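Let me begin by presenting the structure, written as structure tokens, before commenting on it.
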Amino acid sequence: DDSAGDGGSRTVKIGVGGKSLMVYLPTTLADELGYFTDEGLDVTFDDLEGGSKALQALQGGSVDVVNGFYEHTIQMQAKGRDLTAFVAMLRYPSMVLAVSPKASKEIKAVEDLQGAKVGVTAPGSSTDFFLKYLLSTNGLELDAASVHGIGGDTKALAAVESGQVDAAVLLEPAFSLLQKRAGEGGVRVLEDTRTEAGVREVFDVSTYPSAVLYSNADWVDENRETARKMAKAIVRALNWIEQHSAQEIADKMPEEYSAGEPEVYVAALDAAKDAYSQDGRVSTDGAEAVARVLGLSIPEVAETDIDVSKTFTNEFVEE
Amino acid sequence: MSAPPGTRPTDEDGKAGSVTAAARRKSAARRRRVVVRSMQVAIAVAGIGSWEILVNADVLDEFFFPRPTDVAERIGDWLADGEIFDHLLVTLTEAVLALLIGSALGLVTGFLLARWRLLAEILDPYIKMLNSLPRVVLAPIFLLWFGLGIWSKVVFGVTLVFFIVFFNTYQGVREVSPVLVDNARILGARERQMLRHVFLPSALTWIFSSLHVSVGFAIVGAVVGEYLGASEGMGYLISEAEGLLDTTGVFAGMVVLAAVVLVIDLIVHRVERFLLRWKPVAPT
Amino acid sequence: MSAPPGTRPTDEDGKAGSVTAAARRKSAARRRRVVVRSMQVAIAVAGIGSWEILVNADVLDEFFFPRPTDVAERIGDWLADGEIFDHLLVTLTEAVLALLIGSALGLVTGFLLARWRLLAEILDPYIKMLNSLPRVVLAPIFLLWFGLGIWSKVVFGVTLVFFIVFFNTYQGVREVSPVLVDNARILGARERQMLRHVFLPSALTWIFSSLHVSVGFAIVGAVVGEYLGASEGMGYLISEAEGLLDTTGVFAGMVVLAAVVLVIDLIVHRVERFLLRWKPVAPT
Amino acid sequence: MSTATATVELADIAVSFPANDGTDYTAVADIRLCVEAGTFVSVVGPTGCGKTTLLNAIAGLLTPSSGKVLIDGEPLRGLNERVGYLFQQEALLPWKNVLDNVAFGLQLRGIGRAAREAAAREWIRRVGLTGFERAYPHQLSGGMRKRVAVAQTFLVDPDILLMDEPFGALDVQTRQIMENELLELWTGSGKTVIFVTHDLDEAVSLSDEVVLLSAGPASHIVGRYPIDLPRPRDLMDLRARPEITEIYARIWADLREEVMKGYERSSGYAAD
Amino acid sequence: MSTATATVELADIAVSFPANDGTDYTAVADIRLCVEAGTFVSVVGPTGCGKTTLLNAIAGLLTPSSGKVLIDGEPLRGLNERVGYLFQQEALLPWKNVLDNVAFGLQLRGIGRAAREAAAREWIRRVGLTGFERAYPHQLSGGMRKRVAVAQTFLVDPDILLMDEPFGALDVQTRQIMENELLELWTGSGKTVIFVTHDLDEAVSLSDEVVLLSAGPASHIVGRYPIDLPRPRDLMDLRARPEITEIYARIWADLREEVMKGYERSSGYAAD
Ligand SMILES: Nc1ncnc2c1ncn2[C@@H]1O[C@H](COP(=O)(O)OP(=O)(O)OP(=O)(O)O)[C@@H](O)[C@H]1O
Ligand SMILES: Nc1ncnc2c1ncn2[C@@H]1O[C@H](COP(=O)(O)OP(=O)(O)OP(=O)(O)O)[C@@H](O)[C@H]1O
Ligand SMILES: [Mg+2]
Ligand SMILES: [Mg+2]
């Protein structure tokens with residue numbers, strides 16, 4: 001039997017755009033801690049190569065829910081399709097604009113990126129939008145820097161370390177590892193959105209939704225109970241994170257996750273811990289900030305009158 | 001099939017008859033070409049047309065399968081804009097370099113191992129293991145060694161082309177008729193001369209067969225290389241469009257690539273026809 | 001190379017002499033095998049050893065090039081843990097299915113087009129265009145049509161294997177000696193019999209040459225497919241390790257894959273040797 | 001054994017091949033020849049004159065540039081299903097052993113393994129290859145391969161038998177054995193045999209008629225020599241008979257003339 | 001023209017091939033033969049007895065299972081660099097036209113294009129193929145290809161000439177022309193010629209000695225027939241001379257005996 005009585009399916013397929021990425025940790029943690037099971041849900045994960053692949057999997061019906069970036073709900077609204085984010089797991093997007101230790105020129109501020117090579121995970125991804133936004137708010141043209149897609153992991157590290165790019169927008173744990181390898185003061189950070197201060201400085205809002213669980217608006221409508229249960233499990237995981245140390249969290253994660261360099265993993269987690277949401281809510285001003293950022297890079301979004309209220313709902317996390 | 005009665009009288013005389021035969025062959029070839037071209041167009045029209053209809057009828061989801069007219073329009077925009085040519089040039093350069101370097105390496109290695117059998121036996125497992133490595137996973141190392149410029153993409157393509165050409169060259173050289181080999185050796189051919197006069201010409205059909213596959217793989221290598229990390233090129237364009245959930249852009253990029261492949265393959269085909277001009281026409 | 005003097009006397013008698021010759025051939029083959037194996041081991045030892053030394057001497061960055069001993073240890077852990085076998089089984093299933101389906105399709109299409117030349121000419125540009133499409137970009141459509149299970153990965157592999165086998169089969173069939181074709185037709189062979197008795201056996205060396213490349217590509221297809229979206233399999237494992245910047249895990253995964261390829265290729269090789277047992281040993 | 005008979009008629013046939021300079025090389029022209037059903041005709045001529053080309057046309061492997069091949073008065077279209085053809089070149093399947101090669105024709109006709117192998121073994125014996133049933137073609141000598149081909153062709157028992165220098169690679173005695181086998185197969189069978197050979201002795205002693213082609217290009221028939229000797233013939237005896245020596249001498253002289261003509265001409269005609 | 005001479009000696013040679021059942025098939029055994037430098041020796045024997053095998057051994061293409069090939073008393077190792085070998089099978093390079101095929105040997109020796117093509121054209125004329133210089137092998141008839149091979153081999157002017165049924169595919173007259181060319185090339189050159197043929201007439205009229213091999217397996221030399229006729233010989237005349245007819249008859253009878261033996265034996269020995 002597939003239905004949980006009223007309002008929803010009991011089995012849920014979640015597509016994740018890189019399950020081992022730290023931004024999606026709460027979902028894995030909730031699963032490891034058995035919170036989904038507690039809710040009577042049978043959750044399976046499919047790991048996809050990135051956020052947009054996960055979204056496509058959702059559109060194609062391969063998964064029910066995506067653990068991905070909030071931006072996609074806005075992008076899809078511009079395409080006339082409604083997605084609804086129903087629980088957030090990050091309040092700060094945790095993107096770091098860092099300068100390569102081997103940069104070809106002195107880069108002290110975003111303005112210095114003029115004519116530089118800057119790495120992002122992929123053209124057309126959140127990191128790319130972030131970069132464009134920074135460029136424009138610092139008075140530069142959108143194409144002032146040449147953008148390189150360098151991925152989010154080993155490849156990004158290789159590119160930054162070897163000076164293939166002068167600067168890059170990095171995610172955890174790549175940034176922590178870079179810092180560790182470059183040594184004390186080896187990496188100059190231009191912008192750091194892992195903290196509230198950083199987010200406020202860049203986006204002028206207190207929270208900026210990024211990693212969320214979203215699905216098609218129809219699915220959320222038809223599976224309200226399931227959505228509520230999932231949101232509840234995630235919020236429990238978020239609370240657990242708040243109450244435990246990075247080391248304790250790492251210990252709960254699957255064994256493979258600390259197979260590489262456990263210390264780095266813990267250090268990265270420690271640095272990113274503060275970025276996790278505490279209540280699972282998406283704030284309206286944050287959502288509007290996202291729409292603003294996207295509008296800069298995507299004409300389609302700029303041209304559409306985006307109604308952010310349709311892109312998320314906090315009703316499942318408000319207990 | 002008897003000749004049409006009208007041409008009969010001239011056949012009485014040997015020379016005139018032969019001219020007629022040559023002319024007849026030529027016009028048959030021309031007729032065939034017309035049939036082929038029109039069938040190709042028909043297929044294209046039917047394929048694209050039904051696609052368009054299916055999208056309009058909402059049988060195909062426009063999100064995944066953009067309307068052909070939109071794709072065409074996008075390509076039109078790109079061409080008008082002109083920026084596409086820079087991207088195309090980059091990708092083309094990478095693909096052509098990958099094709100040239102990859103097949104040169106494949107050829108040399110293929111010949112070397114085919115002629116030096118002990119070495120071939122020793123290296124056999126290593127070559128097969130290397131061929132099974134997922135290139136995508138090796139991207140960080142390519143990047144580290146070859147940078148973010150065109151060379152990491154070229155290497156990407158080379159790792160695909162090399163194996164395809166290598167295996168065929170290797171087998172092609174080993175398939176050379178032993179009598180030809182013996183005859184050439186008896187006539188005094190040294191190893192280098194054997195390569196040039198016996199092994200290479202004899203393996204040419206094998207080599208060209210692998211080149212036809214390789215053209216596609218060289219392009220794929222370049223695009224996927226760009227897809228994994230670049231700031232220009234068709235792969236970059238496609239990856240950007242994908243990030244923006246702009247499937248029209250993705251398809252437009254692929255259509256441009258496909259068109260380019262035909263051009264490269266045409267060149268390969270011309271070279272092939274020239275080098276294999278000694279061949280009798282294949283039996284039907 | 002004259003026979004060693006000791007074996008001489010027995011050669012006086014035809015039968016005894018021939019037994020000696022057979023024995024001599026056998027022991028030579030055994031000696032050769034020993035040389036090959038020991039050289040292979042030597043290469044492995046030298047390669048891995050120098051890698052280890054270079055890492056220890058900090059010439060190679062341990063992060064990008066994990067220490068071979070660490071990789072071995074990781075594989076040991078995996079094997080002890082046992083979970084790896086599930087992943088391996090998934091990937092293997094995908095790769096083998098891709099190999100079987102891809103080569104079956106390639107064979108059938110290759111034969112069809114080689115025998116039906118007009119169709120081949122018409123479809124030629126389409127096939128070449130399809131071969132140039134970057135499969136990675138098509139991943140969303142594969143997902144749409146074939147879901148997130150093993151079938152999207154199988155299709156991924158099939159799109160690689162198909163073209164490699166197709167081009168070689170096509171060319172292989174066209175390379176069949178015209179005299180053999182004529183003789184078989186005169187003896188009364190129908191088209192189906194021609195395929196079975198003439199074209200297929202004659203094209204077999206071509207087909208097997210492409211199969212050797214395909215084994216690697218089938219694995220690559222499966223892994224990259226998993227890499228793009230999956231919940232199990234070696235590609236999933238590797239992609240997970242990559243997300244965690246765990247290069248040791250990435251390399252361990254690739255080593256396991258490489259080992260598996262050798263096993264599949266061994267099977268292909270056995271089948272090849274059986275089917276081509278009529279072949280004279282190649283000239284040296 | 002089939003008893004159908006077939007008349008082969010070449011009605012004004014010409015064959016030309018494309019040369020490398022874009023023009024045509026006319027191999028044979030103006031060939032008019034009628035081979036009555038059940039007769040044994042040998043074709044001789046200078047090397048390269050077009051004998052193989054004619055056989056190919058009769059087999060339907062090659063469409064004449066002009067003229068028609070008529071089988072029992074019907075114009076031939078496509079492959080001639082009634083011929084057996086022993087090619088000048090080697091045409092054994094390298095991946096089948098001797099037994100399977102010989103039995104191939106029967107296999108194609110759907111005859112069961114036991115039956116066709118029995119028949120094949122019988123013919124292998126008749127061509128003197130017993131013991132080599134399991135050998136592959138590359139393990140045989142040139143003459144042995146030729147004999148396998150003979151067995152392969154004879155076994156399918158066709159109405160029309162085309163043979164292109166079938167016994168040239170055999171020693172004199174084996175050749176005689178083969179000739180006898182051929183005559184035995186043919187005698188009373190009503191088969192039409194068209195036999196190309198360079199051995200005039202052979203041509204004369206086997207045939208009802210010898211046809212001489214001129215030197216190429218545009219080779220045509222320059223002489224027809226009916227051999228009115230009683231059958232069955234004793235091949236051993238025959239060569240000493242005066243009629244034979246006389247015909248032999250005539251063909252020899254005419255052929256010589258043709259060869260010499262060809263030699264002189266060959267510097268005049270240029271294929272390039 | 002080279003003037004070096006070479007004695008070819010087969011010292012107790014045996015050759016066996018692996019059969020398909022894992023045992024060996026002994027093709028030739030106990031072959032002891034010394035061909036003095038500058039002599040012309042013909043080898044005859046039943047088809048499949050091992051003539052080609054012997055030539056391959058002399059050419060160094062095949063290592064005897066036992067025994068040695070001695071060239072001027074030196075044991076042969078690897079390829080015999082002093083031979084020219086006209087193969088029984090077709091061995092022209094399909095991708096070279098007639099001119100390039102004939103000139104191939106000289107090209108390999110680094111001779112300039114103009115010089116080698118002039119030499120090649122001369123030989124093309126001598127084998128009667130002028131006009132076909134630009135044709136590729138597949139555009140030639142079987143006999144024409146054979147003549148191209150003859151020109152190719154003769155042009156490199158080797159010390160030892162191995163010829164395996166070189167003229168079997170040619171008509172009688174062209175054959176005589178070729179035989180004369182061969183004798184002309186050989187006479188006074190000091191070349192050693194080993195000539196395999198099925199035409200006893202040809203063997204007797206060309207050679208200093210005819211060697212007869214027994215039927216296989218384990219074929220050995222059963223007869224040696226010195227031909228003490230004066231040279232230069234007029235081939236046309238020769239065939240009528242009584243000495244010839246007598247030798248011919250002897251070889252014929254001995255060969256016949258061997259062929260018959262082979263025929264009877266072939267059911268006794270089994271290769272499978
Ligand atoms: N495919 C071809 N292309 C061009 N020319 C050809 C082709 N086949 C045959 N010829 C020419 O046709 C002529 C006749 O060839 P054919 O093989 O019929 O001769 P033949 O009488 O059988 O000679 P032989 O006795 O040497 O076998 C030759 O001059 C040859 O060059
Ligand atoms: N590669 C091989 N493998 C197995 N057996 C072989 C091989 N080559 C030759 N033989 C055998 O050796 C014997 C002699 O062959 P060879 O070719 O020397 O005969 P030949 O005297 O040249 O005959 P022909 O007159 O028919 O050309 C034959 O019985 C043949 O089956
Ligand atoms: Mg012929
Ligand atoms: Mg022989």
Side-chain angles (χ1 to χ4, degrees), chain B residues 32 35-36 39-40 43 61 64-65 117-118 121-122 125-126 128-129 131-137 140-141 144 163-164 167-168 170-171 174-176 178 181-182 205-206 208-210 212-213 215-217 219-220 223-224 227 235 238 242 250 254 257-262 265 280 282-284, chain C residues 32 35-36 39-40 43 64-65 117-118 121-122 125-126 128-129 131-137 140-141 144 163-164 167-168 170-171 174-176 178 181-182 205-206 208-210 212-213 215-217 219-220 223-224 227 235 238 242 250 253-254 257-262 265 280 282-284:
Chain B
R32 191 181 174 90
V35 171
V36 167
M39 282 305 293
Q40 286 173 342
I43 290 178
D61 185 343
F64 291 102
F65 303 92
R117 296 267 289 284
L118 188 66
E121 281 181 48
I122 293 172
Y126 293 104
K128 283 175 179 154
M129 287 195 305
N131 183 37
S132 74
L133 294 185
R135 282 58 162 181
V136 176
V137 179
I141 293 177
L144 203 63
F163 290 98
I164 297 171
F167 278 101
N168 262 25
Y170 178 71
Q171 198 59 41
R174 297 189 49 172
E175 288 297 305
V176 178
V181 174
D182 287 346
T205 28
W206 287 82
F208 274 105
S209 169
S210 69
H212 287 298
V213 203
V215 169
F217 276 90
I219 289 274
V220 170
V223 170
V224 174
Y227 198 77
I238 291 177
E242 221 181 25
V250 172
M254 291 200 292
L257 281 178
V260 164
V261 147
L262 291 188
D265 194 76
T284 27
Chain C
R32 191 182 175 92
V35 171
V36 167
M39 283 304 294
Q40 285 173 343
I43 290 177
F64 295 107
F65 304 92
R117 295 267 290 285
L118 189 66
E121 281 180 49
I122 292 172
Y126 293 105
K128 282 174 179 154
M129 286 195 308
N131 184 37
S132 74
L133 295 185
R135 291 26 168 204
V136 175
V137 178
I141 293 178
L144 183 72
F163 290 99
I164 297 172
F167 278 101
N168 261 26
Y170 178 70
Q171 196 60 39
R174 298 190 48 171
E175 287 297 305
V176 178
V181 175
D182 288 344
T205 29
W206 286 84
F208 274 105
S209 170
S210 69
H212 286 298
V213 204
V215 169
F217 277 90
I219 289 272
V220 170
V223 170
V224 174
Y227 198 80
I238 291 176
E242 221 177 30
V250 173
M254 292 201 290
L257 281 179
V260 164
V261 147
L262 291 188
D265 193 75
T284 28

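Chain letters run A, B, ... following the sequence lines, proteins first and then strands; every chain starts at 1. From a predicted model like this one, the values you see are computed outputs, not experimental measurements.
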Exercise. Most heavy-atom pairs under 4.5 angstrom with chain B, which of Val215(C), Leu257(C), Val137(C), Val35(C)?
Worked result: Val137(C)
Exercise. For Tyr126(C), does its backbone N or O pair with a side-chain atom of Gln40(B) as donor and acceptor, under 3.5 Å?
Worked result: no
Seminar exercise, completed: Heavy atoms of Val261(C) and Lys128(B) approach each other most closely as CG1-O, 3.6 Å
Problem set entry | Least distance between heavy atoms, Ser132(B) atom then Val220(C) atom | O-CG2, 3.6 Å
Seminar exercise, completed: So, the part of Ile43(B) with a heavy atom under 4.5 Å from chain C: the answer is both
For this session: State the OG-CD1 distance between Ser210(B) and Ile164(C), to the nearest 0.5 angstrom.
Result: 10.5 Å
Exercise. Most heavy-atom pairs under 4.5 angstrom with chain C, which of Val250(B), Thr205(B), Ile238(B)?
Worked result: Thr205(B)
Seminar exercise, completed: The interface call for Phe208(B) against chain C, heavy-atom contacts under 4.5 Å, is neither
Seminar exercise, completed: Heavy atoms of Arg135(C) and Phe217(B) approach each other most closely as NH2-CZ, 4.0 Å
Problem set entry | Trp206(B) CH2 to Gln171(C) CD distance, which is reported to the nearest 0.5 Å | 10.0 Å
Exercise. Considering only heavy atoms, which portion of Phe65(B) lies under 4.5 Å from any heavy atom of chain C: side chain, backbone, both, or neither?
Worked result: side chain
Problem set entry | Minimum-distance pair of heavy atoms, taken over all atoms of Gly216(C) and Asn131(B) | CA-ND2, 3.7 Å
Exercise. Which heavy atom in Leu262(C) sits nearest to a heavy atom in Pro125(B), and how many Å separate them?
Worked result: CD2-O, 3.6 Å
For this session: Heavy-atom distances under 4.5 Å only: say whether Asn168(B) touches chain C with side chain, backbone, both or neither.
Result: both
Exercise. Relative to each other, are the rings of Phe167(C) and His212(B) parallel, tilted or perpendicular (30° and 60° limits)?
Worked result: parallel
Exercise. Under a 4.5 Å heavy-atom cutoff, which of Leu133(C), Val36(C), Ile219(C) has the most pairs with chain B?
Worked result: Val36(C)
Problem set entry | Residue part contacting chain C, namely of Glu175(B), when any heavy atom lies under 4.5 Å | side chain
Exercise. Taking only residues two or more places apart in sequence or in another chain, which ones pass salt bridge (charged side-chain N to carboxylate O under 4.0 Å, His left out) with Glu242(B)?
Worked result: Lys53(A)
Exercise. Can you list the residues that meet the ring pair (Phe, Tyr, Trp, His ring centres under 6.0 Å) rule with Tyr227(C), with sequence neighbours excluded?
Worked result: none
Seminar exercise, completed: Residues Leu144(C) and Phe64(B): closest non-hydrogen pair is CD1-CE1, 3.5 Å
